[in-house]
Amino acid sequence: MTRVVAAAVAWCSIAAAASAQTLPSEPVSFGDGRVVLGGDVAATIAPVDPGFFSYGQYDHSTMRELRIGLSAQVRATRRVSLLAEVRSENLADVTPFALYARVRPIPNRRFDIQVGRIPPTFGRFSRLAYSKQNPLIGYPLAYQYLTSLRPDALPASTDELLQMRARGWRSSFSVGEPTPAPGVPLASSLTWDTGVQVIAGVKAVTLVGSVTNGTLSNPRVGDDNGGKTVAARMVVAAAPGLEIGSSFSRGSFVSRTALNALGTLATRDFPQTAYGLDLEYSRGHWLTRLEAISSDWRVPLLSTGRVEPLRSTAISVEGRYALVPGVYTAIRAEHLGFSRVQAPGGTLPWDAPVMRVEIGAGYYIQRNLIFKGSVQLNERDGGRTTTVRLPAAQLLFWF
Amino acid sequence: MRLLAFVTATCLLVAAGRWTTAADAPAGEPQAPAGGATLRGRVDIQRVVPAPERRPGVVDLASSTMPLERGVRPAVVYLESTEVPKQSPLRSVPPEPGRARMDQRDETFVPHVLAISVGTSVAFPNSDITFHNVFSLSKTKRFDLGRYGNGKSETVLFDRPGIVRVFCDIHSHMSAFVLVFNHSYFTTTDAEGRYRIDGIPAGSYTVTAWHEGSARDTRTVTFPPGSLDLDLSVR
């Protein structure tokens, strides 16, 4: 409650400061541009989500939070820059979201090597989540909705897996870590992974490759299973305003905590493999995005000794249209589906399929201060609460 | 017959004169009315305006290779009558609606400051390979040209006096000013800060040097004399 009040106070403070035109409108720079600081604040309010549709990995609703971010770029030399971003959600701990070095061996060539806690290689929305480029308030299901899977706790059987359908916000299994905890989304946009990334651009084509410690659904700072994730992405600017991207990611998913509980089964690799296809087209006052992700986890079941392939597929279509200067409307429609598994009680999708439609609008109070309003309709084929309608409002400021 | 030849020649000369004037005038600059006094001098820009910077590209998969324009940002010098607006001698010669151009080049608006008369149409061509989306939320002129690519151009008619801040919705480091006047007695400073306004009718005026939205230096002057040197300073 205290945090909600604090968020509301901060929300009002931002609005008041905005009306007084006291907010910075440009990034702050020092040392002839060698050090550049930027920031963003997003205050979002919405009613309680009884179905936990909008919960993220940090144990709270992404539609009810005050998020403060501060980013910095330090140009150490002509070829080397250091980039960092720290964030705080609901005035809790400050976490280093990003911290990496960017090396450009040949100046004026689009070839970068990035080392540290780096931006996601996979997908399109993974890098848009916190920016004004998200026209709505909520995140796509693939990047936010918590499935029941956990890297540190595994179901002993398909029956146990099915018992956790629609309970990804607080999942619990008998093998590995016994404490209930949030599951993972298909691809995390709320945490970044740690490793090395290489980016090369030739004319209309951009290629990205990375090796990291975590996985697509569970990015990490340190390695927790001795396996690495390899990811690749190719983006083609096929025509003016049209970008088509494809992504791939594969890495060991199950953590050492769970592997230790598996006994002889632990000698095998249990990876998450994901493929993504995305498209963005803009022209005039229109912007449309489409993204499809298919993720496959190989999960060992202690009761049978089998490895169960668990697939999940998400598809999202988004559109934004500028109605008049400073006012736009947007819509996103999406579906998250799961492969079926055989259990004593019958054959069912291993987690409950979800549909989501979010409709909203944005109003630019000033160039870098947007008020957004939206209604998110969630429907799930399982769980205690199957339908939730969430109206939400957000004030987003950046410099 | 001689009369007809004289009239035809006169019309051709007048037409040629108008054509030359319109073509040779710098984009957006007012055409000096004939006669009147001249005000000239130099604006000393003492304030430090931070160079444009991109926001820290933490989420970007590739940093831009394009260096941003860091040239001197000019000041605008303009007159305002000390008389009530309707009786202002500055209004005795109504401004000629014209055409001007603000290019989008290397992720920069060129020029960064454009001073124009009311009724001027400004073209915003895109000379970059990437899309741009020019917009303004200013009270004087609110517009959104949408996204368009290389070689395309959109035009905005500025029909009210005031200051218009212009931005790109895609590249947040791109910004510019359009200053719209309801007379022709204004100019932008050159690279050395020099300015010159010709054809000023007799009267009492305030001279203002404007720079980057917030800095101004204002003086009161009276014409005649026929020519006045006046140095200004913004800090």
Side-chain angles (χ1 to χ4, degrees), chain A residues 25-29 32-33 36-38 71-74 81 83-85 97-98 100 102 104 107-112 114 119-121 126-132 197 199-201 206 208 233 235 237 239-241 282-287 322 324-327 364-368 398-399, chain B residues 48-70 73 106 126 128-152 154 156 164-177 212-214:
Chain A
S25 60
E26 312 287 342
V28 181
S29 64
D32 197 27
V36 183
L37 300 178
S71 56
Q73 180 164 1
V74 180
S81 296
L83 295 103
E85 181 162 348
F97 187 76
Y100 63 93
R102 176 183 289 162
R104 172 160 288 189
N108 304 325
R109 281 281 175 86
R110 285 168 59 206
F111 180 76
D112 289 339
Q114 306 191 143
T121 298
S126 51
R127 290 170 302 280
L128 307 181
Y130 289 102
S131 73
K132 72 167 180 111
Q197 189 173 50
I199 303 148
T206 303
V208 188
R233 176 168 170 77
V235 182
S282 62
R283 182 163 291 272
H285 296 97
W286 282 99
L287 171 68
V324 294
V327 181
Y364 283 72
I365 298 168
Q366 61 183 58
R367 177 182 68 106
N368 56 341
W398 76 94
F399 65 91
Chain B
V48 178
V49 178
E53 293 291 349
R54 293 182 177 88
R55 298 185 72 216
V58 177
V59 301
D60 300 337
L61 280 181
S63 58
S64 175
T65 55
M66 199 177 289
L68 295 178
E69 171 63 42
R70 290 170 179 269
R73 294 180 166 187
D106 298 339
N126 182 354
D128 282 338
I129 55 167
T130 57
F131 267 31
H132 288 300
N133 187 154
V134 188
F135 77 100
S136 177
L137 302 176
S138 300
K139 287 176 185 168
T140 301
K141 189 70 184 180
R142 202 176 170 95
F143 63 90
D144 181 349
L145 300 182
R147 295 176 177 221
Y148 53 92
N150 180 265
K152 299 275 172 33
E154 295 286 341
V156 178
V164 181
R165 287 219 70 178
V166 178
F167 299 102
C168 174
D169 193 40
I170 301 170
H171 305 96
S172 63
H173 51 274
M174 289 176 66
S175 71
F177 290 92
E212 289 293 308
S214 55

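Order of the sequence lines sets the chain letters (A, B, ...), proteins ahead of strands, with each chain counted from 1. Since this is a predicted model, take the numbers as computed values, not measurements.
With A:His285 contributing its side chain and B:Asp144 its backbone, the two residues share a donor-acceptor pair below 3.5 Å. In this structure, A:Arg127 contributes its side chain and B:Asp60 its backbone to no donor-acceptor pair below 3.5 Å. The main-chain N or O of B:Gly149 is never found under 3.5 Å from a side-chain atom of A:Arg283 such that the two would form a donor-acceptor pair.
Options A:Ser81, A:Gly326, A:Ser282 differ in how many heavy-atom pairs under 4.5 Å they form with chain B, and the most are formed by A:Ser282. Note on A:Gly38, A:Gly241, A:Ala98: by heavy-atom pairs under 4.5 Å with chain B, the leading option is A:Gly241.
Between atom CD of residue A:Gln73 and atom CD of residue B:Glu53 there is a gap of 9.0 Å, rounded to the nearest 0.5 Å. Between B:Cys168 atom SG and A:Arg367 atom CZ the span is 10.0 Å, to the nearest 0.5 Å. Rounded to the nearest 0.5 angstrom, B:Ser172 OG and A:Glu26 CD are separated by 8.0 Å. Rounding to the nearest 0.5 angstrom, the gap separating the CH2 atom in A:Trp286 from the CZ atom in B:Arg147 is 13.5 Å.
Under the side chain to side chain donor-acceptor pair (under 3.5 Å) criterion, B:Arg142 pairs with no residue at all, not counting sequence neighbours. A search for side chain to side chain donor-acceptor pair (under 3.5 Å) contacts involving B:Glu154 returns nothing, not counting sequence neighbours.
For A:Ala72, the part lying under 4.5 angstrom from a heavy atom of chain B is the backbone only. Interface residue A:Leu287: only side-chain heavy atoms are found under 4.5 Å from chain B. At a 4.5 Å heavy-atom cutoff, A:Ala237 makes no contact with chain B through either its backbone or its side chain. A:Pro325 touches chain B through backbone and side chain together, each having a heavy atom under 4.5 Å away. The contact between A:Tyr100 and chain B is made entirely by side chain atoms (from C-beta outward), counting heavy-atom distances below 4.5 Å. Of the atoms belonging to A:Val208, it is side-chain heavy atoms, and not backbone ones, that fall under 4.5 Å from chain B. Contacts of B:Phe167 with chain A are made by side-chain atoms alone, with heavy-atom separations under 4.5 Å and no backbone atom involved. There is no contact between B:Asn150 and chain A, counting heavy-atom distances below 4.5 Å.
Of all the heavy atoms in B:Leu137 and A:Gln366, the pair that sits closest is CD1-C, 3.9 Å. Among all heavy-atom pairs drawn from A:Pro119 and B:Val59, the shortest one is CB-O, 4.0 Å. The shortest heavy-atom contact between A:Val36 and B:Arg54 is CG1-O, 3.5 Å.
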